[in-house]
Amino acid sequence: MPTHAVMTRDRHLIHQKQGQLRQRQKDGLPFDRMQSELNELIEKSETLHQARLSRLPKITYDESLPVAARADEIIKAIQENQVVIIAGETGSGKTTQLPKMCLQAGRGIAGLIGHTQPRRIAARSVAERISDELQVNLGEQVGFQVRFSDESNEETLIKLMTDGILLAEIQQDKRLYKYDTIIIDEAHERSLNIDFLLGYLKQVLAARPDLKVIVTSATIDVERFSQHFENAPIIEVSGRTYPVEIRYQPLLSKSDSEELDEDQSMEQGVLDAVELLIAEERQSGYRGAGDILVFLPGEREIRETAEILRRAELRGTEVLPLYARLSASEQQRIFKSHSGRRIVLSTNVAETSLTVPGIRYVIDPGLARISRYSVRSKVQQLPIEKISQASANQRAGRCGRVADGICIRLYDENDFNNRPEFTDPEIFRTNLASVILQMANLKLGAVEKFPFVEMPEKRMINDGYRALTELGALHKDRLTPIGRQLAKLPIDPKLGRILIAAEQHSVLKEVAIIVSALSIPDPRERPQDKKTQSDQAHAVDKDEDSDFAVFLNLWERFEEQRQALSQNQLRQYCRKQFLNFMRMREWRDIHRQIMIACKQLGFKEVQHEERHYEAIHRSLLAGLFTHVANKMEDSKDMLGCRSRKLSIFPGSMLFKKPPQWIMAAELSGNQQAVRARCRSY
DNA sequence: ATCGAAGTA
């Protein structure tokens, strides 16, 4: 009986069929057909296995990377252990070299080597790099899969993907039989996806003794991962970085100095630090002009700092903003070569997602916007907080990649020492409804018993259960038919609930457009210096009663243009109309994906001559019933659920003349200003 | 009088 040369994904099925066959034999039933089916299955599996083996590329390592010197040790560890933890800083080469070591350890033939990344761009670029190094075509032996795009095939040995893709695959393949090896990369980022995967894999490992798992992380908190996987061995790899000098230069405070009229602003502190760095560089006799990376909490702070720097008229200096909302081409400017000095003002994107090349200095005010979910108010908030020590060190490391660097922290050392060591993992900071829904759907049992790396608080778990119960997805902690449908929709459960209601009200077509708009950031842009122009451009879509209907108008207007114009013309149209091209595309992509999922659930699109406002808004209410508010007397403020005082978002059509009742798409802000896209009755 | 950055069946 073959058990060595077949694919892992077939092994289970073959085993099952062999059992059935023996049973039939024992029972004296005919089994010829089953036998030939089984043989065919085995033969096919063996052939594929052979083909994959024959296409194994020659493996070489980039010897300049520190991890390459450890190849033998790592390969041995993989062969001898089910789980290995690899710890190493950026520049160690672990991400690109590790999958090749897995191949050399004999992995990747009977099943895929699955390699997860937290971000799509990383999944794609790592796959490109590895396929280059192995001299194979991308999409063949080395492939990748991210949302909306799959470049892998039957003969793919190494598949890069986002962690979300692997998570999604669990639904089809509970034991992950497709894979013989799984690498969870950047585990220290501790995203919700990563934490869920690490818990899930711990359970799968018992049922899959042939599966290998490799967890990689920066050298922070690695013992925790090792303990999670029964004291798996840790291999630590050095990074290839240069020393960074850390300086503490707190902002001047009124209370410390008699001459000061007011506290020094963060923006002013940044300018002072910039001038200091420039003066020092000149004195040191260094001939070049080192680039500076400044971390700021948000777009507004970036704008204000840019303005102050421009006014300071620094010679030969270019100021570049950087944040995720910029279009790809605007972000690309960071990678273009330049003369003179460059000062990049960036949000947290530059901390982990994007590496700005050639940085010599970092200025770090030590702040970031961090999302937190409040169980008390049921609102996801974005307060500006002091970042953790780990995060501050990560920022400092951004200037030690090409040469020695200097990092100026705009706070004192005592402040640093008093900060938490690590950023709270996302699982502690987020609404758990979606995770609980997935877990219920996968029949993983009680959330409190799941082997999370760190268990979320009981009240957060209870809150998630309650939210799902309110939506009708759970009844007495068991999945209802609605819950089963929700679990198959790739969006937030609230929004999924709206789609289900829309199907019942025969307005799926319209509501799917609105729901997909609500699941992306607003594609309408409103630049600081062109507020009136952009408001005017957006006004063509306005609807007197409902901010939700605006999305339908915008969608229809855009669809007409999209069908008439070339790609370039469409980009131009977006620019003129103050629409973010990338967001518009994402909107369509998500809409398409939602519609596919809805069709698989048997939902029907109905064509209407006119808009059924009431049906559309009734559907929305099925998910947004906790976002209803009533106007208070003699005030513009509204009274929402849980006696919460709300105000309407200034961008809303209903801002000027609030109706008696509203239903908001989203509650946000620290004072809980409602972002109301609403409808009155 | 207006919001961070990641991600998905």
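Letters go in sequence order (proteins before strands), and every chain restarts at 1.
- When heavy atoms are screened at a 4.0 angstrom cut-off, A:Arg147 is found touching base atoms of the nucleic acid.
- In this pair, A:His538 and A:Phe578 present their aromatic rings perpendicular. The plane angle is above 60°, beyond the 30 to 60° band.
- Contact annotation for A:Pro118: backbone-only contact, meaning every heavy-atom pair under 4.0 Å involves sugar-phosphate atoms and none involves a base.
- Checking B:dA5, B:dT8, B:dA9 against the side-chain heavy atoms of A:Val146 singles out B:dT8 as nearest.
- Here B:dA6 presents its P atom at 20 Å from CG of A:Leu197, a figure rounded to the nearest Å.
- The aromatic rings of A:Trp587 and A:Phe551 lie perpendicular to each other, with more than 60° between the two planes, well past the 30° mark.
- Note on A:Gln600: nothing from the nucleic acid sits closer than 4.0 angstrom, heavy atoms only.
- Tested against A:Val126, the residues A:Leu160, A:Asp185, A:Ile121, A:Ile158 include a single side chain to side chain contact (heavy atoms under 4.5 Å, CB included) partner, A:Leu160.
- Residue A:Ala597 is classed as having no contact, given no heavy-atom separation below 4.0 Å to the nucleic acid.
- Between A:Asp535 and A:Ile590, it is A:Asp535 whose nearest contact on DNA chain B lies nearer the 5' terminus.
- Heavy atoms of A:Ala487 sit under 4.0 angstrom from at least one base atom.
- In this structure, A:Arg419 satisfies the cation-pi test against A:Tyr411, with its NZ or CZ atom closer than 6.0 Å to the six-membered ring centre and inside 45 degrees of the ring normal.
- Taking 3.5 Å as the limit, the base of B:dA6 and the side chain of A:Glu186 contain no donor-acceptor pair of atoms between them.
- Checked options A:Val356, A:Leu354, A:Thr355; the residue passing with A:Phe335 is A:Leu354 (criterion: side chain to side chain contact (heavy atoms under 4.5 Å, CB included)).
- Atom CG in A:Leu296 sits about 11 Å away from atom P in B:dA5, given to the nearest Å.
- In this structure, the nucleotide among B:dG7, B:dA6, B:dA9 sitting nearest to the side chain of A:Pro490 is B:dA9.
- Using a 4.0 Å heavy-atom distance criterion, A:Gln593 is classed as a sugar-phosphate-only contact.
- Across the protein-nucleic acid pair, A:Arg372 atom CZ and B:dC3 atom P stand 19 Å apart, rounded to whole Å.
- Side-chain proximity of A:Phe649 to B:dA9, B:dA5, B:dC3: nearest is B:dC3.
- One interatomic measurement links the two molecules: NZ of A:Lys494 to P of B:dT8, which rounds to 22 Å at whole-angstrom precision.
- Other residues, nucleotides and ligands place more than 12 heavy atoms under 6.0 Å from the NZ atom of A:Lys378.
- Looking at heavy-atom distances under 4.0 Å, A:Arg526 makes contact with a base.
- When the C1' atom of B:dT8 is taken as reference, atom CD1 of A:Ile194 falls 14 Å away, rounded to whole Å.
- Under 4.0 angstrom from either OP1 or OP2 of B:dC3 there lies at least one side-chain N or O belonging to A:Arg300.
- Between A:Glu586 atom CD and B:dA5 atom C1' there is a gap of 13 Å when expressed in whole angstrom units.
- Backbone-only engagement by A:Thr347 is indicated by non-hydrogen atom pairs under 4.0 Å involving sugar-phosphate atoms exclusively.
- Atom-to-atom, NE2 of A:His538 to C1' of B:dT2 comes out at 14 Å; the value is rounded to the nearest Å.
- For the pair A:Thr352 and B:dA6, the criterion of a side-chain N or O lying under 4.0 Å from OP1 or OP2 is not met.
- When the P atom of B:dA9 is taken as reference, atom CD1 of A:Ile165 falls 4 Å away, rounded to whole Å.
- For a distance-only test at 3.5 Å, the side chain of A:Glu666 qualifies as a donor-acceptor partner of the base of B:dC3.
- The nearest heavy atom of DNA chain B to A:Lys656 and to A:Glu169 marks one nucleotide each, and the one closer to the 5' end goes with A:Lys656.
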